[in-house]
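Structure, as structure tokens:
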Amino acid sequence: RDFNERCAQCSEVNWGLTDGGRFYCRSCHNVTERTREVVNTDFITNSRVQSISKGLKKQEKTDGGCEWYICEGFQLVLKKQVEALEALGVCPQMKDEILCNFWRCYLQKSKQAYCKRPAGETVKALSVCESSTDVDSDPERPSLLHLLSLSESEGDLQTDCSFASSLSKVSESTSVYSGSVDGSLYLMKNQKEKLRMTMPMTLSFCYMALLWVREPITLSELLRFVVEGHIPYLNVFQHFPEKMKLCGLDLKIFCVESWPVYEEVFNKMHELAAFLDLPRFPDITESCFLHPDMLCMKYLMEANLPDELHNWTCRVVKKIGIGEVDFLTLMPGNKSTRKVKYDVLAAAVIVVVLKLLFLLDDHYEWLLSEFAEERNKNNTEVCMFYSGGPYFEFKKWYEVVKHSLDVEQKKLDEERAKYLWRCEKPLFYSVKNKSKVLKRRQMVVNLQNQFGKLSGSVQHAEKPNPSSFQLSWSEENTDGSCFHGHSLKGILQEKYGLLTAMNPDYWLCTVKLCNEKLCGHLAHYREVEFPQSYHFVLGLFSFLLRIQPSYIHDEVCMIEHKLFNKKLCKKLKYNTVLRK
Amino acid sequence: SSNEHKLNFKKSKEACLSYIQDALLQKQWKRAAEFLTCYVESLEKDYSREHIGPSEMIWRIGTEILWHHSQSSMKEFNCFMEQMKTLGVKRYLKVCLEHVFHLLCNGQIDEAYQNLSLAESWRFGEQTAIQDKEMKLIQAYRGLLDYCSWSKQKNILLEHGEDGFADLAVEQEMHGYFRKAAVNLKEIIKIPGVWDVFVKCYVDLLEFYGDHNEARQVLNEYAYNSKFPANPNAHVYLYQFLKRQGESKKSLISALKILHDIVPSHELMIDFNTMLQKSKKRKKRRLGLEVIFGALDYAGWKENAKAWSCLARQLKQIVISEKHLDWIKQEWNSRKDWWPAFHFSRYLAKRNWQENKSLSYEKALVAGILLGKDCKYFKYVSHQGCKAQLKRFRMLKKFVTRHNPVYLRISG
């Protein structure tokens, strides 16, 4: 296709590809020695890349499989994921231009392809039982058991000791067992400098691409879509082509049995961006979805809070400068700036605003609520219409939201307990235990059928359509369960032409911030040390973002310290309450 | 630290199990089945480090659900059990045995017998030796079912015998069952354990065929061998056997001694006391008093008229003879603080009188002796009795009044 030479025999330019990857002239069927470097995101055989220099003899194994490399597997995974994102409405450039280029860059930098000596070369050395040319591998040949125990993922495969022990009998001279060519190499080498690819890292790639294109999907949303099954992750390998046989150590790489954690994906993404030497990402400006002003609006709606609070979130954002382009935009490799978690940040801003207005000390907010209740009782509907909605009552809001939250949390907990992790594609370490694995699968299917019938009217519900909002509140509800239009006037006062809160107090979550680099957190959250209302609010956003409350707490601490920076420097003596 | 809340396969299945557990406890079989359906894929992972693996969990939970679920049939149940048998070789015999129990509960004796025979013929390398105990149990239960068949044949024979028929075939069959049963039952009761039903059946067989010596030996072993766990029933069986054999009071009494120690509230304490009271030996009579007082310490005996009459009789006898009043004092010492409220309250007096006059009579006698004629119970009952013009109550009143000084000596 990009090969434009004239055929040596018939001088035509009409080329096709043989199965062996060589160009042949369609007119005269002359086969050349030239092979093509495949650059599209379809199934590549890296063997083609190598054959330029070496010329592999066999490409097809007897069992219908073929030789494939781990990175090709990951490429397929990424392809599936980005296609799913496209189906969700992400712009198509993401696949063909952005992610594709990121991936190629990664392959190049990690020396797995697109370079003179692909890392795959050293695999040969291993399998021919000669001394390894690896610099950092230990002198003894690692046994299978040793390889299985090296793990960054949790040791689920470790527990298949019985399999491992049967495999260790395999003689050391044959390559350590995997369907792929470089499975063992992948796990063995200390690839810290080269950023070895893992399944969670595929999501880091996706997120990085999404960030580059500034798509309106936050990381927490992305991860939620993964868990809900809209983005392939757990059993993606079942979409690998038949020829790519997956067994042995491949399973350790591709079969994950846990959901990726926000922190992990987030940190890896930044590592990746630095590793790829990427330039400054496109600016996050005020009109971007990821800007705190935008995200706050979304989360306020989802938390069923009055729209009026948005003015306050904007004020806080402006005051501490977290709406600035330079603060928000990612600059890879810049170690001095704190990495921005857009979703967590926005949630934390809302929490701070709630603390500013309602104090949330388990006392004041209920007091304010009582006042509001009184005023609401006395007002007529006409009055309310003119003054812009009823007074916002914290108590009512708490009851409504808590109820919905409890219902959703219960549903989520049950879903998590009912989650099915296995897929139809059977996995086995080796051909030896294939029959055992298949028998087990058959039994599992039988039992599922038997007990499924006894489950009553439960049927496998269709996957709900992915939605950006998990909680929704409608203004049309006459039961008053939607608080968007409610007014904050009961808790505000005018001072020098400016609206301020009636609440004069504020309590800091922590007086001194920890060193994040040392202990991983800015602060340490323990439920018992804080007011119940604060805990509730953290819990609400913790549910929406599917992360631990402590992460939001960290951001809250950070915002507070920026907000009260001057006063803090002066008044470090006072422990809890500061006057605004 | 982010690994703590990482949701993974293991945690997800743990959560699933706790939902199953809740559902089982609340007898929500449909819900339990729903979650079990999600749990079964645990079979595809190896849990060799865990104490109880998924296959055992699934076996036990599945059994419960299928046994109780309204839509489940015996056919499904059996099918499930067969699958479970293939799941774990180490548990094979155990699963077989439990399956047999369920079949028996469902009245499917023949199927149970077939399963037992099948299980008996199972061999699996070194597992056979490891699961030796279960194998013995299987053989024992097969022996038990053989005993049942023997029993049936015996009854048929007895019926025919009345009619004058002599059925040789039935008799032969009966003897055949006897042999099969005896062999297996004999084996199991050699092993220390609680084998009440096996022992009973075996002894029944031995007695029928006249082998009383063997029966006696078996029962003695069962009751007195210290390797066997303490078992009240062992003593009961021995006692009943000795009684059937017409043994002397002395041996009967010695058979009940340990029973009294283990279960002072056993119903045989009445027999025990009756025998002891009549004994010529002082020690035995003393023990008798201890026994009957001890039995009446228990709430379940409160309204047992026979027990009260035993105590009343013995107390009366002691009072009249004026010998061994110190016995009463000793026994009453530890009880005088709480027996009055426990047995002799005014409320009880009323109730006993209404419900059971004999009971109130005996109790009144006891109360009168122990607490004197002025105690609530005696006063009420004797008054009521005299009012009703019942002769024995008048006699009672006279007796107690006459012997009131005794009370003073006891309580002093």
Side-chain angles (χ1 to χ4, degrees), chain A residues 153-164 227 234 255-264 266-267 413-423 426-427 437 439-458 460 519-521 524 546-548 550-551, chain B residues 1-23 28-50 53-55 58-59 61-62 65-66 68-73 76-77 79-80 82-84 86-87:
Chain A
S153 59
E154 57 295 316
D156 22 291
L157 295 176
Q158 238 173 308
T159 62
D160 290 307
C161 309
S162 50
F163 301 152
V227 171
L234 204 58
C255 302
V256 278
E257 283 184 347
S258 68
W259 292 120
V261 168
Y262 187 104
E263 282 273 289
E264 193 185 344
F266 183 78
N267 290 335
D413 290 338
E414 277 197 28
E415 264 170 45
R416 282 183 173 157
K418 288 205 263 181
Y419 201 82
L420 288 177
W421 297 78
R422 295 278 166 169
C423 67
L427 308 166
V437 167
K439 250 201 262 174
R440 275 287 161 108
R441 181 104 267 266
Q442 189 56 48
M443 170 158 318
V444 167
V445 169
N446 288 342
L447 289 173
Q448 282 174 336
N449 284 335
Q450 187 172 25
F451 288 102
K453 275 190 242 152
L454 295 176
S455 299
S457 55
V458 174
H460 279 284
C519 72
H521 286 281
H524 298 274
R546 304 291 163 88
I547 55 175
Q548 290 293 297
S550 50
Y551 291 134
Chain B
S1 63
S2 64
N3 285 338
E4 288 144 19
H5 62 270
K6 212 174 189 178
L7 184 67
N8 55 17
F9 186 96
K10 190 165 172 214
K11 287 208 179 123
S12 171
K13 291 310 169 199
E14 275 170 17
C16 195
L17 264 184
S18 75
Y19 277 102
I20 296 177
Q21 186 180 34
D22 284 343
Q28 294 170 330
W29 309 113
K30 286 210 177 92
R31 190 168 153 86
E34 185 188 329
F35 281 94
L36 185 62
T37 313
C38 303
Y39 180 77
V40 293
E41 59 173 16
S42 304
L43 283 177
E44 294 184 89
K45 275 192 60 68
D46 182 35
Y47 277 68
S48 52
R49 287 189 195 157
E50 304 284 327
S55 49
I58 290 170
W59 165 45
I61 295 172
I65 294 177
L66 287 172
H68 292 109
H69 198 290
S70 51
Q71 281 165 26
S72 153
S73 66
E76 269 202 58
F77 186 85
C79 175
F80 173 73
E82 293 304 322
Q83 276 187 300
M84 292 297 106
T86 64
L87 253 191

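Labels below follow one simple rule: chain letters A, B, ... track the order of the sequence lines, proteins then strands, and each chain is numbered from 1. Predicted model, so just to flag it, every value in this text is computed and none were measured.
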Could you list the residues that satisfy salt bridge (charged side-chain N to carboxylate O under 4.0 Å, His left out) with A:Arg441, not counting sequence neighbours?
B:Glu44
Most heavy-atom pairs under 4.5 Å with chain A, out of B:Arg31, B:Glu41, B:Glu76, belong to B:Glu41
Applying a strict 4.5 Å limit to non-hydrogen atoms, the region of B:Thr86 in contact with chain A is side chain
Over all heavy atoms of both residues, which pair between A:Val444 and B:Leu43 is shortest? Give the atoms and the distance, please.
CG2-CB, 3.9 Å
Identify the two heavy atoms, one from A:Leu454 and one from B:Ala33, that lie closest to each other, and give their separation to 0.1 Å.
O-CB, 3.7 Å
Atom pair CG/CG of A:Leu447 and B:Leu87 - distance to nearest 0.5 Å
7.0 Å
When the aromatic ring centroids of A:Phe451 and B:Phe80 are compared, is their separation below 6.0 Å?
yes
When rounded to the nearest 0.5 Å, the distance separating CH2 of A:Trp421 from SG of B:Cys38 is 12.5 Å
If you measure from OG on B:Ser18 to CG on A:Asp413, what distance do you get to the nearest 0.5 Å?
9.5 Å
Given heavy-atom pairs under 4.5 angstrom as the criterion, report whether the side chain, backbone, both or neither of B:Ile20 touches chain A.
neither
Nearest heavy-atom neighbours spanning B:Phe35 and A:Lys418:
CE2-CG, 3.4 Å
Nearest 0.5 Å, please: how far is CD in B:Gln71 from OG in A:Ser455?
10.0 Å
Considering only heavy atoms, which portion of B:Ile65 lies under 4.5 Å from any heavy atom of chain A: side chain, backbone, both, or neither?
side chain
How many angstroms lie between CD in A:Gln450 and CG in B:Leu36, if you round to the nearest 0.5 Å?
9.5 Å
Taking only residues two or more places apart in sequence, or in another chain, which ones meet A:Arg440 in a side-chain hydrogen bond (donor to acceptor under 3.5 Å, both in side chains)?
none
Most chain B-contacting option - heavy-atom pairs closer than 4.5 Å, from A:Gln448, A:Met443, A:Glu414:
A:Glu414
